[in-house]
Amino acid sequence: MEYTWKHGVQLTSYTTLKTNRALEVGKVLVDLCTGEKYQVLAIGKAKEDDRAFAMFPEDVVQTWPAGACKEEELAQLRDKAGYTFTETCKPFIDVVF
């Protein structure tokens, strides 16, 4: 599944999200780079200003900050996902749920 990802109070998104299964309202995403959590508030079709570029996915996911993982929890998630943190890691790229 591919989504245009709007987080917080964004009106227009410059971020996309690709997952191996469909998201659901209420799910919590964890950013493996930063440990930040985002709760899925809504999923729907893109409206006129939701996407920065027309080539972005038509399905839009709206998330809201939901805290952060503790270091131990983040380490376990990174290990399970086979994720290695480096200085080149960027937020909103590698996410688990």
Side-chain angles (χ1 to χ4, degrees):
M1 299 291 305
E2 292 186 61
Y3 301 91
T4 295
W5 185 3
K6 291 175 55 176
H7 33 276
V9 294
Q10 276 187 313
L11 298 177
T12 302
S13 174
Y14 290 84
T15 307
T16 61
L17 174 65
K18 187 174 182 179
T19 66
N20 58 358
R21 60 183 183 211
L23 291 174
E24 299 172 5
V25 172
K27 287 280 185 188
V28 175
L29 310 176
V30 177
D31 188 320
L32 292 174
C33 177
T34 64
E36 294 296 317
K37 295 179 181 181
Y38 302 94
Q39 184 171 20
V40 175
L41 296 180
I43 301 170
K45 295 297 179 188
K47 295 181 181 135
E48 185 177 342
D49 293 329
D50 284 339
R51 305 177 290 171
F53 306 102
M55 67 186 129
F56 275 21
E58 288 187 34
D59 291 322
V60 177
V61 60
Q62 175 71 51
T63 62
W64 193 257
C69 290
K70 294 181 180 176
E71 284 300 317
E72 183 178 303
E73 180 185 10
L74 182 57
Q76 289 174 348
L77 289 170
R78 285 176 175 168
D79 186 53
K80 184 176 178 183
Y83 181 84
T84 303
F85 178 80
T86 66
E87 288 85 33
T88 60
C89 295
K90 296 185 180 182
F92 307 114
I93 295 177
D94 295 307
V95 178
V96 294
F97 61 98

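For the single chain, residues carry numbers from 1 onward in sequence order. Since the structure is predicted, the reported quantities are computational estimates derived from the model, not experimental observations.
- In terms of heavy atoms, R51 sits closest to P57 at CD-O, 3.0 Å.
- Nearest heavy atom pair, residue K6 against residue L11, reads NZ-O, 3.5 Å.
- Both Y3 and F97 belong to a single network of hydrophobic side chains, linked directly or stepwise wherever heavy atoms of I, L, V, M, F, W or Y lie under 4.5 Å apart.
- L29 has its side chain within reach of L23: a pair of non-hydrogen atoms, C-beta onward, lies under 4.5 Å apart.
- Put simply, F92 and V61 are part of the same group of oily side chains (I, L, V, M, F, W, Y) that touch within less than 4.5 Å, one to the next.
- Counted by atom type alone, T63 and W5 present one or more donor-acceptor pairs between their side chains at under 3.5 Å.
- F53 belongs to a hydrophobic cluster whose remaining members, ordered by chain and number, are Y14, M55, F56; membership requires side-chain heavy atoms of ILVMFWY residues under 4.5 Å apart, directly or through intermediates.
- With a 4.5 Å cut-off on side-chain heavy atoms, S13 and V60 do not count as touching.
- Scored by the salt bridge (Lys or Arg N to Asp or Glu O under 4.0 Å) test, K80 finds no partners at all (sequence neighbours excluded).
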Inset, instruction - Show your working on side-chain contact (heavy atoms from CB on, under 4.5 Å) between V40 and E24 and close with a plain yes or no. - result: CA-CA 7 Å; V40 175; E24 299 172 5; over 6 Å; no
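- In this structure, V96 and L32 have side chains that are in contact, with non-hydrogen atoms separated by less than 4.5 Å.
- Looking at K47 and E58, no side-chain N of the basic residue comes within less than 4.0 Å of a carboxylate O on the acidic one, giving no salt bridge.
- Annotation for T12 and D49: closest pair OG1-O, 2.8 Å, computed over non-hydrogen atoms.
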Inset, instruction - Begin from the C-alpha positions of Q39 and Q62 and carry the test side-chain contact (heavy atoms from CB on, under 4.5 Å) through to its verdict. - result: CA-CA 8 Å; Q39 184 171 20; Q62 175 71 51; over 6 Å; no
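- Here the shortest heavy-atom pairing between C69 and V30 reads SG-CG1, 3.5 Å.
- Counting heavy atoms from C-beta on, the side chains of W64 and H7 never come closer than 4.5 Å.
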Legend entry - Criterion side-chain contact (heavy atoms from CB on, under 4.5 Å) on C33 and K90, from CA distance to verdict: CA-CA 6 Å; C33 177; K90 296 185 180 182; 5.5 Å; no
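- The distance from atom CD1 of I93 to atom CG of D31, rounded to the nearest 0.5 Å, is 8.5 Å.
- Contact annotation: the side chain of T4 never approaches that of L17 to less than 4.5 Å [non-hydrogen atoms, C-beta and beyond].
- Both I43 and M1 sit in one connected hydrophobic cluster of ILVMFWY residues. Membership requires side-chain heavy atoms under 4.5 Å apart, directly or through other members.
- Of all non-hydrogen atoms in K45 and D50, the two that sit nearest each other are O-OD2, 4.2 Å.
- Looking at heavy atoms from C-beta onward, Q76 lies out of side-chain contact with E71 at the 4.5 angstrom threshold.
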